[in-house]
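In what follows, chains carry the letters A, B, and so on, assigned in the order in which the sequence lines appear, proteins first and then strands, with residues in each chain numbered from 1.
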Number of protein chains: 2
Amino acid sequence: MARTGTQSAADAGDTRQRILAIASELFAEKGYAGTSIADISGRLGTTKAALYYHFSSKGDMLTALLGEFLALSADLVEEAIATPLAPEQILGRLIDLTVDSRGLMATVGRDPSVRSAMRAEARRNGSGKQVDVIVSVLVGADQSRAALIRAHSALAITKESTLALIEDNQGALTEEDRAEILAAALRALSAPAAAMSA
Amino acid sequence: MARTGTQSAADAGDTRQRILAIASELFAEKGYAGTSIADISGRLGTTKAALYYHFSSKGDMLTALLGEFLALSADLVEEAIATPLAPEQILGRLIDLTVDSRGLMATVGRDPSVRSAMRAEARRNGSGKQVDVIVSVLVGADQSRAALIRAHSALAITKESTLALIEDNQGALTEEDRAEILAAALRALSAPAAAMSA
DNA sequence: GTCTATATTGTGATAGAC
DNA sequence: GTCTATCACAATATAGAC
């Protein structure tokens, strides 16, 4: 059903995915605005025009990547609520998601042009960020401002520490490092005992 | 001594600093590659050509900004070693530095084009990152990999949580929020007691 | 699906008047 | 110090052959 029969070994869906993978790498390395169509087609091994068969614009590639990211995030959020997952499990999956989608995570979390584009999009359709949902699951019942800061801090560790470590290790994260990141994130998330009696 | 007498109210040094301030804002908002000379001159209220009296290129503006950042970082490192500062004080000053130089911090810490440019620069002159010095001061005597991860995690919190909070609050950080960020960073930095006996 | 052009606009940068 | 005008080039994107 999925194959039409007229495509060669590298069929349309395949090439499209290869383009997205390359775009994700390059956006993470040089930023969205700093990456040209020629950069992408060069690494792919084709001409610029070939890309326009698969995507109507450079922005269309970014939109597709952000869609992938939102889908992965939505899966995690859904699982966190349905199971439900404890903070340790949520943060652990976030570390794994960062490893598996490091280009995407770096682009969404760092690239200023992408962040401003997403803010603009969020303003247009009135929706808040997907991160907010994960945060509110992490903070649980205690919806205080302090709890929000702790949750955000734990997320900052899972994202930034994981990205920093795998950049020095060809995309791989050892079990020991993962455990250390997770432990630090959990400590950041935990409310200090002294605050209970105040 | 510093004034030559032929300049109007907004003298050269003043205009240069205004340009840098605007460039820092815009680089943080839209990224270095995503910001055009026209963007900067537009916010300044002049034409593009006027900028080239003060800077020889767009890259020259970035170089000047990175120089400012490195100088501020060097000041902190020097103070941390000379005084010497405890981790709590170092992290506290990093939060304050992030608030005072938020545009710079966002650009250096996030913008992929700037990060890759700095990596290339570091490879050329053989020097490591300035961050490494702060990290080694933070980890102190324990130079284990786990201690490095904890230090990096604490830094991730001071940077990311501070930037996130002041973005929602017109550049200001309340005392309470600052204390909460600092506490989370210190928890992330602390070695778990159980690890001592292992 | 991919190619060789080419159209078109954006961008960094310069020349020279004021 | 800033302007108008312009250049050279890089970038996105399209047209049409294969």
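- What separates CG of Asp14(B) from C1' of dG1(D) is a distance of 13 Å, to the nearest Å.
- For the residue pair Asp60(B) / Ser57(B), no side-chain donor-acceptor distance below 3.5 Å is found, with atom types taken as modelled.
- As a whole-Å value, the separation of Tyr53(B) OH from dT14(C) P is 16 Å.
- Here dT2(D) is the nucleotide among dT2(C), dG12(C), dT2(D) with the atom lying nearest to any side-chain atom of His54(B).
- Tyr52(A) has a side-chain polar atom (N or O) that falls below the 4.0 Å cut-off from OP1 or OP2 of dA13(D).
- One can place NZ of Lys48(B) at 13 Å from P of dC7(D), the figure rounded to the nearest angstrom.
- Within a 6.0 Å radius of CD in Glu167(B), more than 12 heavy atoms belonging to other residues, nucleotides or ligands are found.
- Summarising the geometry, the separation between CG on Leu51(A) and C1' on dA11(D) is reported as 13 Å, rounded to the nearest angstrom.
- Where Ser56(A) and Ala50(B) each meet DNA chain D at their nearest nucleotide, the meeting point lying more 5' is that of Ala50(B).
- Gln143(A) CD: more than 12 foreign heavy atoms inside a 6.0 Å radius.
- Atom-to-atom, CZ of Phe55(B) to C1' of dT2(D) comes out at 16 Å; the value is rounded to the nearest Å.
- The environment of CD in Glu88(A) is sparse: at most 12 heavy-atom neighbours from other residues, nucleotides or ligands sit within 6.0 Å.
- Remark: Arg124(A) engages Glu121(A) in a salt bridge, criterion side-chain N to carboxylate O under 4.0 Å.
- Lys58(A) places its NZ atom 15 Å from the P atom of dT14(D), with the value rounded to the nearest Å.
- Among residues at least two apart or in separate chains, side chain to side chain donor-acceptor pair (under 3.5 Å) pairs with a member in residues 69-81 of chain B are Glu79(B)-Arg93(B).
- Ion pairing between a basic and an acidic side chain is recognised when a charged N comes within 4.0 Å of a carboxylate O; Arg110(A) and Glu160(A) show such pairing.
- Between Leu165(A) and Arg145(B), the closest side-chain pair of non-hydrogen atoms falls below 4.5 Å.
- DNA chain C lies under 4.0 Å from at least one heavy atom of each of the following residues of residues 33-47 of chain B: Thr35(B), Ser36(B), Ile37(B).
- Where pairing requires Watson-Crick or G-U contacts shorter than 3.5 Å, the helical stems of DNA chain C with at least three consecutive pairs are C:1-18 with D:1-18.
- Between the side chain of Lys58(A) and the main chain of Thr35(A), a donor-acceptor pair closer than 3.5 Å is present.
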